[in-house]
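Heads up: the structure comes next, in structure tokens.
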Amino acid sequence: MTVETTTPTNFIKSIIEEDLRSGKHKTVITRFPPEPNGYLHIGHAKAICINFGLAKEFGGRCNMRFDDTNPAKEETEFVNSIQNDIRWLGFEWGEHLYFCSDYFERFYEMAEHLIKTGKAYVEDLTAEEIREHRGTLTEPGKNSPHRDRGVEENLDLFRRMRAGEFPDGARVLRAKIDMASPNMNMRDPTLYRIRRAHHHRTGDDWCIYPMYDYSHPINDALEGVTHSLCSLEFENHRPLYDWVLDNVPVPCHPQQIEFARLNLTYTVMSKRKLLELVTTKTVRGWDDPRMPTLAGFRRKGYTPESIRDFIETVGVGKADAWIDPSILEDALRNDLNPKAPRMMAVMRPLKLVITNWPEDQVEEVEVPCFPDDALELRTERGLGAPEPASRKVPFGREIYIEQDDFMLDPPKKFFRLKPGGEVRLRRAYIVKCESVVQDDEGRVVEVHCTYDPETRGGNTPDGRKVQGTLHWASARHGVQAEIRLYEPLFSVERPDAEKRDYRELINPDSLTVLQGVVEPGLGQAKVGERFQFERQGYFMVDSDSSTAGKQVFNRIAPLRSGWAKQAGK
RNA sequence: UGACGCGUGGCCAAGCGGUAAGGCAGCGGACUUUGGAUCCGCCAUCCUAGGUUCGAAUCCUAGCGCGUCAGCCA
């Protein structure tokens, strides 16, 4: 039986449905064409989900294609990381892995075709001169003196360009369109430039390389792409995309459709800035959990499912979209709620001594790994019964609780521990605060309590209400662990929109490293395992655990907290 | 003030002439051995101004605002 997955509709989907219904296309073929010059970020995830997602939804396919027409900027390292990230996101392309560079010969042939049909010419002007001739947004450009060169001369010159007879930048091949076009992209755009650089795949076979506007449409057509989906900034290029396909012998004419790219608030997305964050050691690397790269989200603990769900949630439109990270966090919680076993971890330990508890007595407390509602969700989502369903946690005379869970002089509605107050230690006992030990500065360093033997398991046989339930860890059995908390990398919604330099807007509290104590079972957790630390959030074991000599946990996203909101007021 | 595109609540986003879905955020409440989850309730007349129409977010006109484009980058 197939599961009905009703994904929200959008304008691109509507176009495809219509094309299929009308018979314009029998199948849908898309492509994801990154330039291998950097790491993929969350913005790319949108393009990936749209291209691969739509193809999958309509039973078509999406080609993996590297747009490697600029040898000066591209590296093999990136073609690997990009494929890795896309697979991690959950998409595959089978045999359909292509490189734009594989078609260099075809592009060249078609360029000669353009020359022979009088649609392209070799330009001798320098880059600056070309710019001067191009005109401005409000003034038309002027024709180049070489614009009306004869076909034979153009052909000869172009062949010699390929043969390496001219130095870099000496000449270019331009399309002969319209220097007076109101669309700057149509003012005789450059098709080929001379550039002696080692290409990561073709080596030194070529010294002329095609431009994106020329190669992309042809590449799409040669791959039989039906719908060429890209972001809004290429809208102005669509007339050129169509011009190329109309003037060159290609098997089909794909339709370019543009959509708004995804922007996340409180971060930056430009490759230059991301690179700078890395090189200046502002972050630890491309996969720093604070980075908006897919590698960063993965390292932090995000699941592919949650990212796909996030992309689906924000939708596809043509209006600039600035998405709040809370939507991502919500998607993560939604995914992990039934998947992540509950555990107890104390991030900022405060010692609690149970004065009426026998010195060396230890009790094993049984704690369920999932609450009932999460168990139901597991059934709904076909996750089956958790294994194990519960675990035993050692409890003793001295334990740690969260510093935030105790207040000497609390405000109203503070349902936690306070002098003379009672609180439930999760699945253990009800304890009452009898006294505290303070240091010279008045800081509470120890809380002394008595426990009620009748409340084993946290139950209250007498029916009394105990509002607060705290998580805890046995002082003797707990495991030391490093806990890393992350906040947005920037302290303003749109760092790029600010007048100040983005580096001045970095949030000084984007990373908080804590030395906590976690329940013993967490000591065996393996890198990549995810948990919900009760009352705190979702965490994943970081790869540093294998070298740090202790467990390192990344907080993926905090739990929603009514108290945090209230306390923040 | 060139061309193209966009403008629905704090952030996204449905809607395609018949009287404003949904999500996130926020607010209030119920419940709770996670102040989690869950559940209830509240939260917009659709950039502005005209016009067409019995009826407009949807059509027309005129404005306003925002984005993109003057790489031998993609």
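In what follows, chains carry the letters A, B, and so on, assigned in the order in which the sequence lines appear, proteins first and then strands, with residues in each chain numbered from 1.
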C1'-based separation of A49(B) from C54(B) [nearest Å]: 23 Å
Nearest-nucleotide pick for Leu559(A), side chain only, options being C11(B), C4(B), U34(B): U34(B)
Aromatic ring proximity, centroids under 6.0 angstrom, Tyr451(A) and Phe395(A): no
Separation of A74(B) P from Tyr212(A) OH (nearest whole Å): 9 Å
Between G67(B) (C1') and Asn263(A) (CG): distance, integer Å: 11 Å
Nearest to side-chain heavy atoms of Glu235(A), which nucleotide of A25(B), G5(B), A74(B): G5(B)
Atom-pair distance (CZ on Arg342(A); P on U33(B)), nearest Å: 16 Å
Phosphate-side-chain proximity, Arg193(A) and C73(B), N/O vs OP1/OP2 below 4.0 Å: yes
P spacing across the pair G41(B) / G23(B), given as an integer number of angstrom: 12 Å
Side-chain N,O (Thr69(A)) to OP1/OP2 (A74(B)) below 4.0 Å: yes
Chi class for G71(B): syn within 90° of 0, otherwise anti: syn
Closest listed nucleotide, where the reference is the side chain of Leu137(A) and the choices are A70(B), U34(B), C11(B): A70(B)
C39(B) versus U45(B) - spacing of their C1' atoms, nearest Å: 29 Å
Pairwise C1' distance for U32(B) and A37(B), with rounding to whole Å: 9 Å
Nearest-Å distance once atom P is located in both A44(B) and C11(B): 15 Å
For atom OH of Tyr214(A) and atom C1' of C72(B), their distance in whole Å: 16 Å
Nearest-angstrom distance from the residue atom CZ of Arg560(A) to C1' of G35(B): 12 Å
P-based separation of A14(B) from C47(B) [nearest Å]: 15 Å
Gap in Å between the two C1' atoms, one belonging to C66(B) and one to U48(B), rounded: 15 Å
Atom-to-atom span, CD of Glu233(A) to C1' of U68(B) - whole angstrom: 8 Å
Out of U34(B), G2(B), C12(B), whichever nucleotide has its closest atom nearest the side chain of Pro182(A): G2(B)
Separation of atom CE in Met211(A) from atom P in A74(B), rounded to whole Å: 5 Å
Touch class at under 4.0 angstrom, heavy-atom based, for Arg238(A) against every strand present: nothing
Integer-rounded Å distance: C72(B) P and Arg195(A) CZ: 10 Å
Under-4.0 Å side-chain N/O to phosphate OP1/OP2 contact, Arg427(A) with U34(B): no
Distance between P atoms of C40(B) and A20(B) (Å, rounded): 22 Å
5' precedence on RNA chain B between Ala374(A) and Asp213(A) (nearest-nucleotide basis): Ala374(A)
Among G23(B), U34(B), G36(B), the nucleotide that comes nearest once only the side chain of Glu534(A) is considered: U34(B)
Short side-chain N/O contact from Thr138(A) to OP1 or OP2 of G2(B), under 4.0 Å: no
